[in-house]
Amino acid sequence: MIIKLPQAVVLALQHLNQHGYQAYAVGGCIRDQLLGIEPNDWDICTNALPEEMLACFSGEYPVYETGLKHGTLTVRVLDMLLEITTFRVDGEYTDHRRPDQVTFTSNLEQDLARRDFTINAMAYHPEIGLQDPFEGRMDLNKKLIRCVGNARQRFEEDALRMLRGLRFAATLGYQMEEQTKLCILQQYPLLNYVAKERITVELNRLLLGTDAVTVLREYAAVFTYLIPEIKPMIGFEQHNPHHCYDVWEHTLHALSGSERVLPVRWAVLLHDIGKPHTFTCDEHGIGHFYGHPKYSEELTRQILQRLRMDHQMVQTVSTLVRYHDVTIEPSPHHIKRWLNRLGEEVFFLLLQVKWADASGQGKLGMDRLELLRKLEQTAQEIIQQRQCFSLKDLAVNGDDLIRLGVPQGKEIRTLLNFLLDQVIEEKLHNQQDHLLAAAKKNIRSVK
Ligand code: ATP
Ligand code: MG
């Protein structure tokens, strides 16, 4: 079994070996390399104690004492940042998050035993080969996520592992081993002890996984624990001829048809979360959800803020949820108004959300998909032809109007918006002389 290591990793291993220490590339990078996926990061483990690592690399390579107390040193080799960690055994976990103390060891197998899943508990050295005491490679072949050791105990130690496991299942398309699965379905309330930020990192990665929908469906209990607002969607019948699924099933179908782009994924997951709260039934027994986008937007904002998402993400996802159901006519001027209102980037994300929403309605959404295709094509043409749809594209600006004698202040903006409107309506050409002439005529009338 030969695993290709980057030159920087080989140099770091050799450097430690030359100083008399054992060293291996370890964890996720070996898993990914065996799967032919580009690893996120390369980690190294060694029997050198923290001070010994420091002495070994200092002076020869830039070192950063990122977590020396816990046995980790970051070293820059050939422009690559490598985390090098002393073999260690984790002590007791009393807070379900991190060990109370760590003990260093000279035994590789003990270090591998503290790792979460068998597929993450392999180490490799070019001359010694693959070290795989927990049969991670076999589980890779079987596409199984299995805890190293006793699942119940491993999740009790660090509850985040459950979510990491689900993230791996979603991104790799793997199954959870039976015992591991049972334990997750019983122990998920321990996630309460984990920092929101760490949960959010895993949720983001999980949602981007090719198999996110399977995991969301199978582990709905975990997700409704993390986001209780999801619960009313599950099994909520829509009583409407435009919908063949309940709200949650529709959401999952929409997600499976959605692009793997983070704000789109979140928006699709949450777009109908307000539906159960806005349901009404008319005299014909038909269900309606008047005002649900606004309600969904409010819940979305609360949920994402609670998950400590950054402001930009909260804004984008909430906007997408707010407008997921608006009708955008395929006429150029209508599209330009939406491009102006949302900006180019969010506009195209909204089309992706609408696409997913329509594709989640089964056959009933076919006509909408056709319309969305047309919308996208026309919008692309508008962009490619650099047609004017926002104030920054307009051939005049505020200074030009001041020179015409328009008093500074609100009137400038009103007049500019009026001119933009005329250009979008194709009543005026976006040329400076045309616009200035129109401005002159309208200085007093537009107030
Ligand atoms: P990725 O880098 O794709 O997120 P990874 O498995 O490499 O996945 P890292 O956070 O880089 O994740 O961790 C590196 C290794 O450290 C893991 O492969 C695993 O062996 C170990 N590890 C990480 N987090 C935990 C944890 N919570 N419990 C036990 N071992 C862990
Ligand atoms: Mg990693």
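Atoms within a ligand are numbered from 1 in the order they appear, just like the ligands themselves.
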field: Any side-chain donor near an acceptor of the partner, His288 and Tyr290, under 3.5 Å
entry: yes
query: Closer than 2.8 Å to the Mg ion (ligand 2), which protein N, O or S atoms?
result: Asp41 OD1
message: Which label fits His239 and Phe279: parallel for a plane angle under 30°, tilted from 30 to 60°, or perpendicular past 60°?
response: tilted
query: Is Arg265 reaching over with its side chain to a backbone N or O of Ser258, donor-acceptor style, under 3.5 angstrom?
result: yes
field: Expected output: side-chain His271 to main-chain Val268 donor-acceptor under 3.5 Å
entry: yes
query: Any side-chain donor-acceptor pair under 3.5 Å between Thr94 and Asp100?
result: yes
message: I'd like to know if the side chain of Arg260 and the backbone of Leu208 have a donor-acceptor N/O pair within less than 3.5 Å.
response: yes
field: Between OG1 on residue Thr251 and CZ on residue Arg217, distance to nearest 0.5 Å
entry: 11.0 Å
field: Residues Lys374, Glu370: salt bridge by 4.0 Å N-O rule
entry: no
field: Neighbouring residues of ligand 1, heavy-atom cut-off under 4.0 Å
entry: Gly27, Gly28, Arg31, Asn40, Asp41, Asp43, Arg114, Arg115, Asp116, Asn120, Asp158, Arg161, Arg164, Arg167, Phe168, Arg205
query: Without hydrogens or angle criteria, can the side chains of Arg88 and Gln110 be said to hold a donor-acceptor pair below 3.5 Å?
result: no
